[in-house]
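Notes to accompany the following structure.
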2 protein chains.
Amino acid sequence: MHRHESHDACHTGVGDMLARAEAVCRERGLQFTPLRREVMEAVAEAGKAQGAYDIAETLSAPGKRVAPVSVYRALDFLMQQGLVHRIASRNAFIPCAHGHAPGEGVVFLICRTCGGVDEASSGELEDGLDRTLKRAGFTPAHTILEVEGDCGACRERQQAG
Amino acid sequence: MHRHESHDACHTGVGDMLARAEAVCRERGLQFTPLRREVMEAVAEAGKAQGAYDIAETLSAPGKRVAPVSVYRALDFLMQQGLVHRIASRNAFIPCAHGHAPGEGVVFLICRTCGGVDEASSGELEDGLDRTLKRAGFTPAHTILEVEGDCGACRERQQAG
DNA sequence: GCGGGTTTGTTACAGTGTATCACCGCGGCC
DNA sequence: GGCCGCGGTGATACACTGTAACAAACCCGC
């Protein structure tokens with residue numbers, strides 16, 4: 001159902017994510033430039049949400065500095081294409097695990113122990129939110145739903161250790 | 001059900017909010033100092049979410065400067081007591097309209113036209129979230145649920161005007 | 001090759017939040 | 001009274017996050 005079952009195994013998806021990103025861009029006639037690819041890769045490879053400055057540091061090497069502003073631009077692009085998400089409560093970014101329809105409701109599950117972020121979605125939850133908003137007479141444009149807590153893997157690890 | 005029906009009328013509650021804040025502090029043996037009172041007042045009087053620096057500017061006067069760091073400390077205190085909320089998507093603060101149980105699920109409805117923020121809560125929504133989290137094997141500690149869109153008043157105003 | 005759009009580099013800056021240390025006021029205690 | 005401890009405040013400095021503005025490089029169609 002969700003990716004990110006374990007944070008050792010989640011590296012396996014990096015190639016898939018890059019391939020999908022490339023396909024999406026080609027399909028839409030947009031450029032998947034080297035910089036955008038590197039940023040996508042950095043976000044996908046990290047097991048947890050990355051700040052823009054973290055990414056800039058990751059991509060920088062002696063003699064080749066990548067400025068944060070460049071990273072922000074690449075991230076903006078990737079977010080527009082639905083390839084990465086921003087975690088508002090952390091000022092950080094994660095790769096999009098599934099392909100959602102744009103605007104579809106997603107819950108981010110942020111583990112405060114391992115820092116990993118999982119995505120979940122639920123029609124039931126979305127219906128409940130829709131009804132709540134309708135009752136309040138509010139027309140939604142954009143929703144942020146982030147839960148911080150402990151993921152199953154970390155909880156087991158703590159009980160075992 | 002919710003406060004904040006109109007943003008002209010919402011100023012009426014300021015006195016109540018201050019009274020409640022004072023009562024809460026007395027009850028818990030905490031100090032409701034002048035600075036904390038002023039910050040609470042500034043947050044309560046503004047019809048929309050205030051940034052910490054906005055508050056600092058509001059409270060400052062020629063000859064009496066209130067530094068942002070002081071405002072942050074007061075806000076931290078007021079948030080711990082559940083008297084103000086932080087809107088993560090805006091880096092801004094609003095007064096708490098109802099007295100929730102700590103940890104109770106609340107939705108923030110942020111109007112992108114008037115900037116007003118309403119609070120709503122819904123057992124149905126909360127149940128849906130609980131079930132979704134349980135299915136994902138995730139133990140929640142803290143939830144952020146913010147919806148940006150158009151409030152009823154602004155929608156009517158736009159249709160009329 | 002040329003013109004025009006997009007992408008990137010660079011610098012500077014605005015906004016948000018925290019760390020640190022010193023000082024003040026107040027209450028308890030000897 | 002003098003002393004001490006403690007929470008709150010003031011003040012400075014700093015780290016982190018994000019954006020504006022402009023120039024240079026690049027690509028693509030003509």
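Note that the coordinates shown come from a computational prediction; the quantities given were computed from them, not determined experimentally. So that the names make sense, note that chain A is the first sequence line, chain B the second, and so on, each numbered from 1.
Residue R73(B) places a side-chain atom within donor-acceptor reach of the base of dG10(D), judged by atom type and a 3.5 Å distance cut-off alone.
When the side-chain nitrogen and oxygen atoms of S70(A) are compared with OP1 and OP2 of dT7(C), none of them lie within a distance under 4.0 Å. Considering only side-chain N and O atoms, Y53(A) lies nowhere under 4.0 angstrom from the phosphate OP1 or OP2 of dC16(D). Between R36(B) and dG8(D) there is a side-chain N or O to OP1 or OP2 distance below 4.0 Å. Contact annotation: N91(B) does not reach the phosphate of dT17(D) (side-chain N/O to OP1 or OP2, under 4.0 Å).
Rounded to an integer number of Å, the gap from I55(A) CD1 to dC16(D) C1' is 14 Å. The interatomic distance linking I87(A) (CD1) with dT17(D) (C1') rounds to 16 Å, in whole Å. One interatomic measurement links the two molecules: CZ of F77(B) to P of dG17(C), which rounds to 20 Å at whole-angstrom precision. With rounding to whole Å, Q50(B) atom CD is found 17 Å from dG17(C) atom C1'. Here dT8(C) presents its P atom at 12 Å from CG of L30(A), a figure rounded to the nearest Å.
For F93(B) and H85(B), the distance between ring centers is not under 6.0 angstrom.
Across all strands shown, V69(B) has heavy atoms under 4.0 Å from base atoms, whether or not it also approaches the sugar-phosphate. Heavy atoms of R90(A) sit nowhere under 4.0 angstrom from any nucleic acid atom.
The closest side-chain heavy-atom distance from Q158(A) to T113(A) is below 4.5 Å. A 4.5 Å side-chain heavy-atom check between E124(B) and R135(A) finds at least one atom pair inside the cut-off.
When each of Y72(B) and R65(A) is assigned the nucleotide of DNA chain C with its nearest heavy atom, R65(A) is the one assigned upstream, toward the 5' end.
Remark: the backbone N or O of V43(A) is not paired with any side-chain donor or acceptor of Q50(A) at under 3.5 angstrom.
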